[in-house]
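For ligands, and for the atoms within them, numbers begin at 1 and follow the listed sequence.
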Amino acid sequence: MNKDTFEPLAFVQKPAAEMIATSRSFYEEMRRRRSVREFSNQPIPMEVIENAIRAAGSAPSGANMQPWHFAVVTGAEKKQQIRVAAEREERAFYQKRASQEWLDALAPLDTNASKPFLETAPCLIAIFYKSTTLTEQGETRKNYYPKESVGIATGMLVTALHLAGLVTLTYTPSPMNFLNELLQRPKNEHPFLLLVTGYPAENAQVPRLEKYPLEKIATFE
Ligand code: IYR
């Protein structure tokens with residue numbers, strides 16, 4: 001490859017033993033991550049959020065279009081507005097939209113339409129995927145695989161925040177187009193997920209649950 005749009009890859013191969021140890025300890029750390037619904041109101045260092053979003057922004061994306069926007073909300077008034085709008089949708093969800101099958105699947109989580117964590121948690125990160133991007137020249141450019149790309153970036157964000165010592169909840173009120181209006185995001189941006197971020201409340205409880213073992217989620221041949 002000899003194109004002037006290329007540069008050498010910076011890559012240092014590690015010994016296999018180190019790779020195995022690193023992958024093992026990464027797994028041991030990641031399996032400690034839990035979705036948390038009881039938050040402390042303790043503020044968090046904003047630099048952690050900034051760095052975690054930088055890490056998310058390094059994710060691979062379709063044709064490197066980077067079709068994401070992260071709207072960070074820490075203000076009490078905005079968090080309250082988000083809670084009010086989200087709880088309105090949640091009431092409709094629990095009272096009529098959700099099928100009995102869906103409600104049964106959620107039963108072990110003991111969730112309901114009340115979402116106090118949207119105000120208690122110090123930081124809400126509203127993640128949007130962009131179906132198109134408005135270029136500096138004012139042209140509309142199509143993005144490729146925006147949802148897949150933002151899904152990967154979101155996974156990296158969740159991972160970065162966990163490794164930094166914070167807890168998160170991947171929260172998806174449905175529908176959540178109220179986020180466009182409340183956060184003044186343009187129509188080409190579509191809400192993907194609300195990442196609730198902070199420290200856990202003292203004595204926070206989480207559902208007892210198990211993750212499938214390797215044999216159940218992977219095949220090797
Ligand atoms: N959004 C609702 C319901 C809900 C849906 C799923 I899928 C979950 O994994 C958990 C909850 C709520 O947050 O209560």
Side-chain angles (χ1 to χ4, degrees), residues 30-41 44 49 52 56 68-129 146-162 166-183 185 189-201 203-213 216-217:
M30 288 314 294
R31 64 189 289 207
R32 278 191 270 277
R33 185 207 56 80
R34 295 303 312 268
S35 291
V36 169
R37 292 181 176 80
E38 295 172 324
F39 282 81
S40 154
N41 63 3
I44 56 181
I49 301 297
W68 38 64
H69 181 83
F70 302 90
V72 179
V73 180
T74 56
E77 195 178 334
K78 199 60 90 175
K79 286 193 292 178
Q80 189 199 19
Q81 291 171 347
I82 291 174
R83 178 183 178 181
V84 167
E87 286 183 337
R88 187 175 299 134
E89 300 299 350
E90 295 292 13
R91 281 193 297 274
F93 174 82
Y94 283 96
Q95 285 166 18
K96 44 181 193 276
R97 281 198 208 119
S99 63
Q100 193 54 48
E101 188 182 18
W102 195 343
L103 293 175
D104 291 347
L106 294 178
L109 304 181
D110 199 31
T111 51
N112 56 49
S114 171
K115 303 298 172 192
F117 54 74
L118 293 172
E119 288 190 84
T120 318
C123 181
L124 310 177
I125 308 175
I127 306 170
F128 295 82
Y129 74 88
K147 281 196 202 175
E148 291 83 349
S149 304
V150 171
I152 296 167
T154 299
M156 292 172 64
L157 182 57
V158 168
T159 302
L161 293 168
H162 173 73
L166 295 172
V167 299
T168 58
L169 175 68
T170 48
Y171 176 54
T172 50
S174 174
M176 52 178 163
N177 22 29
F178 62 82
L179 288 171
N180 281 76
E181 198 178 324
L182 287 180
L183 302 174
R185 301 313 307 167
E189 295 185 7
H190 311 274
F192 180 72
L193 189 140
L194 196 52
L195 193 63
V196 185
T197 308
Y199 299 105
N203 310 124
Q205 300 248 84
V206 291
R208 190 177 294 121
L209 53 78
E210 276 174 25
K211 298 293 185 184
Y212 295 145
K216 192 162 169 175
I217 62 171

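Within 4.0 Å of ligand 1, the residues that place a heavy atom are Arg37, Glu90, Phe93, Tyr94, Trp102, Leu106, Leu109, Thr111, Asn112, Lys115, Tyr171, Thr172, listed by chain and number.
Inspection of the Thr111 and Tyr94 side chains reveals an N or O donor paired with an N or O acceptor under 3.5 Å.
Note: Trp102 and Phe93 meet the aromatic proximity criterion, with ring centroids under 6.0 Å apart. Phe128 has its ring centre no less than 6.0 Å from the ring centre of Phe70.
Taking each heavy atom of Leu118 and Ile82 in turn, the nearest pair found is CD1-O, 4.3 Å.
Aromatic ring pairs are classed by plane angle as parallel below 30°, tilted from 30° to 60° and perpendicular above 60°; the pair Phe39 and Phe117 is tilted.
In summary, of the residues considered (Glu119, Glu90, Glu77), a salt bridge (charged side-chain N to carboxylate O under 4.0 Å, His left out) with Arg83 occurs for Glu119 alone.
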